[in-house]
Amino acid sequence: MPELPEVETVRRTLGALVAGRRIIRVDVLEARLRIRVARDFASFLSGRTIVDVQRRGKYLLLILDEKRVWVTHLGMSGKLIYVNAERRREAHDHICAVLENGFELRYHDPRRFGLAAAMPLGKLPSWPPLRGLGPDPLDADFAVGGLYQRARKSQRKIRDLLLDQKVVAGLGNIYSNELLFYAGIRPTVRAYKLSRQRVDKIAAIAPRLLREAIDWGGTSFSDYRDGQDRQGEFQARLSVYGREGEPCRRCEHAIKRVALGNRSAFYCPSCQS
DNA sequence: CGGTGGACCTGCTGGC
DNA sequence: TGCCAGCAGGTCCACC
């Protein structure tokens, strides 16, 4: 579900609402996420004030005082929302952080593929899930040429390479497919077969596509919501993802779907080669 | 090391 | 109406 634009939208909508708020209590209602929520998670966060909300790839970082951090990943179906504490808690609300102003931060995740962890800020860089993340396309120092250096040595299909968070942090199946449409490249092409020019085109388009998706509040297929539980709008502007059989917006040919591994890839047979 | 395929979960949809 | 197969935005691990 949530790829870079969705996580960034949550970061922005949440940041403005929770910065400066103190967590007075944390209720962990279900600890069995992708990584089991640690026993001391609640006590480690209780009493802390949220200073800032940041993002690394698809990971959200709630920076707290006392140099502590609450890290979360939304997996496929996760939401992190800021709601009035009066609102009834729902099934799959796994973590509720009660704030001093009568609101709560709720982590909700039906499939439980996400994670929640807390640690001293200093431990974050060496924490395995974050260590080794590739460059983030929205970072100021994102280098267009870096992708080609990886691609030229890889036997993998280009769609699969783009999904690898060690290569580029933040792309998932929606935006990898969209990116390849705009670059005019079929998802099934082996990475090493692509010219420098074609790979550079993918890398150059990535920040533009992701920023545009953020401008529309991300893509809501089903579960995804921003920090205030609102849907995104970018699903109406997708070019290929989820559009099997529908006409290409550029040339009218029917969009095709192929299974690559366990996941679908979408492309226009006429615009992409 | 690089690459692939299955496992982990729940919920929804479409076909019979 | 009911049941079951297939599919879903992600990541990790065992295996070759």
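Each chain gets a letter, A, B and so on, in the order the sequences are listed, and its residues count up from 1. We use all heavy atoms of the structure for the numbers below, so side chains are in, but hydrogens, waters and symmetry mates are not.
With hydrogens and angles left out, the side chain of A/Arg263 and the base of C/dA8 share no donor-acceptor pair within 3.5 Å. Side-chain atoms of A/Arg112 stay outside donor-acceptor range of the base of B/dC9, with no qualifying N/O pair under 3.5 Å.
DNA chain B is contacted by both A/Pro110 and A/Asn262; A/Asn262 maps to the nucleotide lying nearer its 5′ end (nearest heavy atom per residue). Toward the 5' end of DNA chain C, the nearer of the two residues A/Leu115 and A/Tyr241, judged by each one's closest nucleotide, is A/Tyr241.
When the nucleotides C/dG10, B/dT10, B/dG3 are ranked by their closest atom to the side chain of A/His73, C/dG10 comes out on top. Distances were taken from every side-chain heavy atom of A/Lys58 (C-beta onward) to each of B/dT4, C/dG10, C/dA8; the shortest belongs to C/dG10. Taking every side-chain heavy atom of A/Ser264 into account, C/dA8 is the closest of C/dG10, B/dT4, C/dA8. Counting only heavy atoms from C-beta on, A/Arg111 has its side chain closest to B/dC9 among B/dC9, C/dG10, B/dG3.
Nucleotides B/dC9 and C/dC3 place their P atoms 24 Å apart, quoted to the nearest Å.
At a threshold of 4.5 Å between non-hydrogen side-chain atoms, the residues A/Leu4 and A/Pro137 count as touching.
The side-chain ring of A/Phe113 is not stacked on the base of C/dT11, judged by centre separation under 5.5 angstrom and plane angle under 30 degrees.
Between the CG atom of A/Leu163 and the C1' atom of B/dG5 there is a distance of 15 Å, given to the nearest Å. For A/Arg32 and B/dC8, the CZ to P distance is 14 Å, given to the nearest whole Å. Regarding A/Leu260, its CG atom lies at a distance of 14 Å from the P atom of C/dG10, rounded to whole Å. For the pair A/Arg150 CZ and B/dG3 P, the interatomic distance rounds to 8 Å; values are reported in whole Å. Straight-line distance from the CD1 atom of A/Ile174 to the C1' atom of C/dC7: 14 Å, rounded to whole Å. Spacing between atom CZ of A/Arg34 and atom C1' of B/dT10 amounts to 16 Å, rounded to whole angstrom units. Note: CG (A/Asp164) to P (B/dG2) measures 10 Å, nearest angstrom. Remark: C1' of B/dG11 and CZ of A/Phe221 are 16 Å apart, rounded to the nearest angstrom.
Here A/Ile35 sits in one hydrophobic cluster together with A/Tyr59, A/Leu61, A/Ile63, A/Val69, A/Val71, A/Leu115, A/Met119, A/Leu121, A/Leu124, A/Trp127, A/Leu130, A/Leu133; the rule is ILVMFWY side chains under 4.5 Å apart, joined directly or through other members.
Residue A/His92 places at least one side-chain N or O closer than 4.0 Å to OP1 or OP2 of B/dG11. OP1 or OP2 of B/dG3 has at least one side-chain nitrogen or oxygen of A/Ser154 nearer than 4.0 Å. Within the 4.0 Å cut-off from OP1 or OP2 of C/dG10, not a single side-chain nitrogen or oxygen of A/Gln165 is found.
Here A/Ser176 lies out of heavy-atom contact (under 4.0 Å) with every strand.
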Can you check side-chain contact (heavy atoms from CB on, under 4.5 Å) on A/Phe41 and A/Ile95, steps first, answer last? CA-CA 10 Å; A/Phe41 178 85; A/Ile95 298 171; 4.0 Å; yes
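Using N1 to N3 plus N6-O4 or O6-N4 for Watson-Crick, or N1-O2 and O6-N3 for G-U wobble, each under 3.5 Å, B/dC9 pairs with nothing.
Note on A/Asp136 versus A/Arg55: salt bridge recorded, some NZ/NE/NH1/NH2 to OD/OE distance being below 4.0 Å. Checked for salt-bridge contact, A/Glu104 and A/Arg89 meet the test: a charged N lies under 4.0 Å from a carboxylate O.
Neither A/Val168 nor A/Leu163 shares a network with the other; the hydrophobic side chains, linked directly or stepwise wherever heavy atoms of I, L, V, M, F, W or Y lie under 4.5 Å apart, form separate groups for each.
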